[in-house]
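Reminder, nothing fancy here: chain letters follow the sequence lines and each chain counts from 1.
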Protein chains: 2
Amino acid sequence: MRTLKYAILGLINREAMTGYDLMKMFNLELVNFWYAQHSQLYPELKKLTDEGLITYETVLQGQKLEKKLYSITEAGKIAFLNWLKKQDLLEPTPKDIFRLKVFFIESMTKEDILKHFSYQLDLRKEKLERLEATMAQHPYSKTISDVFSPLYGDYIVLKSAIMRERTYIDWLLDCIKEIENS
Amino acid sequence: MRTLKYAILGLINREAMTGYDLMKMFNLELVNFWYAQHSQLYPELKKLTDEGLITYETVLQGQKLEKKLYSITEAGKIAFLNWLKKQDLLEPTPKDIFRLKVFFIESMTKEDILKHFSYQLDLRKEKLERLEATMAQHPYSKTISDVFSPLYGDYIVLKSAIMRERTYIDWLLDCIKEIENS
DNA sequence: AGAGCCATGTAAAAAGTTACATGATTCG
DNA sequence: CGAATCATGTAACTTTTTACATGGCTCT
């Protein structure tokens with residue numbers, strides 16, 4: 001389905017950037033719903049260039065260091081907008097190793113079960129805190145923005161990530177309570 | 001990380017079964033947190049057999065049809081339990097194409113945005129209904145079971161899937177309301 | 001001078017998907 | 001007898017991860 005392709009096109013469509021910039025976007029902004037390693041990104045950039053969907057100009061950083069500043073082409077914009085407009089069926093539910101282990105809970109002792117749940121709870125709480133800190137300083141809620149600003153998309157996917165973590169935590173707490181009282 | 005390996009071991013640990021049985025488990029019971037195609041499963045079964053973690057005996061179904069009934073070995077049990085006991089760090093957040101499209105919302109018209117959200121809402125509601133129907137006839141809530149029964153794991157991961165869908169739907173409804181009033 | 005970041009790539013392997021391929025059994 | 005299901009595999013390809021590999025820039 002070439003999803004990475006469209007994620008890249010969408011980002012470059014917003015603003016010209018280098019592969020390194022894209023990596024920062026994936027690791028910082030999109031990390032809650034898409035990501036890639038640089039070893040996947042650079043070959044994909046080459047491919048998109050070959051397909052005529054993006055182009056680059058070489059820019060000098062300092063004396064020698066060359067970086068490639070990618071921009072989207074007209075063909076790239078069309079491809080991106082077509083992908084964006086397309087309605088997709090539901091994806092298969094995401095895989096989740098913790099849930100898989102919980103499924104096999106009958107093979108664990110009560111002690112191990114509670115250890116697993118409380119560790120997972122710690123990790124999830126920490127993650128939720130990070131997300132909430134990000135939200136607290138998010139520009140969308142701080143400025144007079146409207147839903148047609150690029151910030152709005154960023155804002156609502158962050159909100160969804162927070163809601164998702166809270167639900168996961170609620171579930172963990174439910175389970176812990178039920179298991180402790182057994 | 002060979003997660004499929006442990007999913008298989010865990011299932012065969014519960015009860016001897018064929019590759020076909022395993023596929024049914026993946027498609028019906030584990031689908032909310034793990035799954036695989038049969039083209040991935042059969043080679044993995046061969047590999048696990050070579051590794052001495054499972055063995056099989058050939059059983060005749062009817063006159064000619066041979067099926068392989070797999071059982072777990074002692075080494076398999078140990079490998080499974082070690083995996084189960086290990087505490088893992090959080091996985092990266094699952095990828096989500098719909099959220100990715102929402103991130104790029106500023107490139108859509110209000111009309112297209114609302115079309116996307118309402119279609120996604122329909123799909124998610126349908127999925128939630130299926131999950132709730134499954135829950136309604138789930139044996140754990142119907143019989144006098146305790147948390148150490150194999151049914152309990154099944155039951156709580158189903159509960160988590162329902163909570164997850166509800167949260168997704170809540171988020172969609174939030175967004176729709178906010179966008180409509182803009 | 002050294003740490004941390006900027007910047008870009010390739011190679012090899014693992015994991016996962018889609019398509020190809022075949023044949024038996026069961027039940028109505 | 002035909003449809004649905006049972007049953008098992010391989011081939012080709014795509015996607016993703018981990019490791020290898022190199023070198024410049026900035027700031028203290």
Side-chain angles (χ1 to χ4, degrees), chain A residues 1-8 12 16-28 30-31 33-51 54 56-70 88-97 100, chain B residues 1-8 12 16-28 30-31 33-51 54 56-70 88-97 100:
Chain A
M1 271 191 315
R2 309 281 311 274
T3 307
L4 178 60
K5 163 179 169 174
Y6 296 104
I8 293 170
I12 296 180
M17 55 178 97
T18 67
Y20 193 84
D21 294 332
L22 283 165
M23 278 312 294
K24 272 194 296 185
M25 288 301 288
F26 280 121
N27 291 332
L28 298 175
L30 280 74
V31 73
F33 47 92
W34 210 266
Y35 51 86
Q37 313 295 326
H38 76 269
S39 58
Q40 196 184 359
L41 179 69
Y42 287 111
E44 190 66 34
L45 284 170
K46 199 178 180 183
K47 208 171 169 187
L48 293 180
T49 307
D50 292 346
E51 290 172 345
I54 56 177
Y56 64 88
E57 58 170 325
T58 305
V59 175
L60 267 185
Q61 179 85 345
Q63 303 297 303
K64 288 188 204 163
L65 186 57
E66 292 187 344
K67 58 182 184 180
K68 292 178 179 172
L69 190 62
Y70 288 93
D88 309 303
L89 289 176
L90 242 42
E91 297 176 77
T93 331
K95 293 177 177 180
D96 182 333
I97 296 175
L100 178 61
Chain B
M1 270 191 316
R2 309 279 312 271
T3 307
L4 178 60
K5 162 180 169 173
Y6 297 104
I8 293 170
I12 296 180
M17 54 179 97
T18 66
Y20 193 84
D21 294 333
L22 283 165
M23 277 313 295
K24 273 194 294 187
M25 288 301 286
F26 280 120
N27 292 331
L28 298 174
L30 280 74
V31 73
F33 47 94
W34 209 267
Y35 51 86
Q37 313 297 325
H38 76 268
S39 58
Q40 198 185 357
L41 179 69
Y42 287 112
E44 190 65 34
L45 284 171
K46 198 177 180 185
K47 206 170 168 186
L48 293 180
T49 307
D50 293 346
E51 289 172 345
I54 57 177
Y56 64 88
E57 58 171 326
T58 305
V59 176
L60 266 184
Q61 179 83 349
Q63 303 298 303
K64 290 187 203 164
L65 186 58
E66 292 187 344
K67 57 181 186 181
K68 293 178 178 172
L69 190 63
Y70 289 93
D88 308 303
L89 289 176
L90 242 41
E91 298 176 79
T93 330
K95 293 177 177 180
D96 182 333
I97 296 175
L100 179 60

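- Between the Glu44(B) side chain and the Leu4(B) main chain, no donor and acceptor come within less than 3.5 Å of each other.
- In this structure, Lys24(B) does not reach the dT5(D) phosphate: none of its side-chain N or O atoms is under 4.0 Å from OP1 or OP2.
- Taking atom CG on Leu60(B) and atom P on dC6(D), their separation rounds to 18 Å, with Å as the unit.
- To the nearest angstrom, P of dC6(D) lies 15 Å from CE of Met25(B).
- Taking the nucleotide of DNA chain D with the nearest heavy atom to each of Pro92(B) and Gln61(B), the more 5' of the two is matched to Gln61(B).
- Within the 4.0 angstrom heavy-atom criterion, no nucleotide atom of any strand lies near Met23(B).
- Comparing Tyr42(A) and Trp34(B), the nucleotide of DNA chain C nearest to each residue sits closer to the 5' end for Tyr42(A).
- As a whole-Å value, the separation of Met17(A) CE from dA7(C) P is 13 Å.
- If you take CG of Leu4(B) and C1' of dT17(C), they are 13 Å apart, rounded to a whole angstrom.
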task: Starting from the C-alpha separation in whole Å, work towards a yes-or-no answer on ring pair (Phe, Tyr, Trp, His ring centres under 6.0 Å) for Phe26(A) and Tyr35(A).
output: CA-CA 5 Å; Phe26(A) 280 121; Tyr35(A) 51 86; 8.6 Å; no

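- A donor-acceptor distance shorter than 3.5 angstrom exists from the side chain of Asp21(B) to the backbone of Thr18(B), with no hydrogens or angles considered.
- One finds no side-chain N or O of Lys95(B) lying less than 4.0 angstrom from the OP1 or OP2 phosphate oxygen of dT15(D).
- In this entry the distance linking CD of Gln40(A) with P of dT10(C) reads 14 Å, nearest Å.
- A sub-4.0 Å separation between OP1 or OP2 of dA7(D) and a side-chain N or O of Lys64(B) is absent.
- Using a 4.0 Å heavy-atom criterion, one finds that Thr3(A) contacts no nucleic acid atom at all.
- As a whole-Å value, the separation of His38(A) NE2 from dA19(D) P is 13 Å.
- Checked by atom type and distance alone, the side chain of Glu91(B) pairs as donor or acceptor with a backbone atom of Ile97(A) at under 3.5 Å.
- Atom NZ of Lys95(A) is surrounded by more than 12 heavy atoms from other residues, nucleotides or ligands within 6.0 Å.
- Mapped onto DNA chain D by nearest heavy atom, Pro43(B) and Leu65(A) fall at different nucleotides, with Pro43(B) at the one closer to the 5' end.
- Note on Gln37(A): every side-chain N or O is 4.0 Å or more away from OP1 and OP2 of dT16(D).
- No engagement by Lys47(B) is indicated, since no non-hydrogen atom pair under 4.0 Å with the nucleic acid exists.
- Rounded to an integer number of Å, the gap from Tyr56(B) OH to dG9(D) P is 8 Å.
- Taking 3.5 Å as the limit, the base of dT16(D) and the side chain of Ser39(A) contain no donor-acceptor pair of atoms between them.
- Across all strands shown, Tyr35(B) has heavy atoms under 4.0 Å from sugar-phosphate atoms exclusively, and none from any base.
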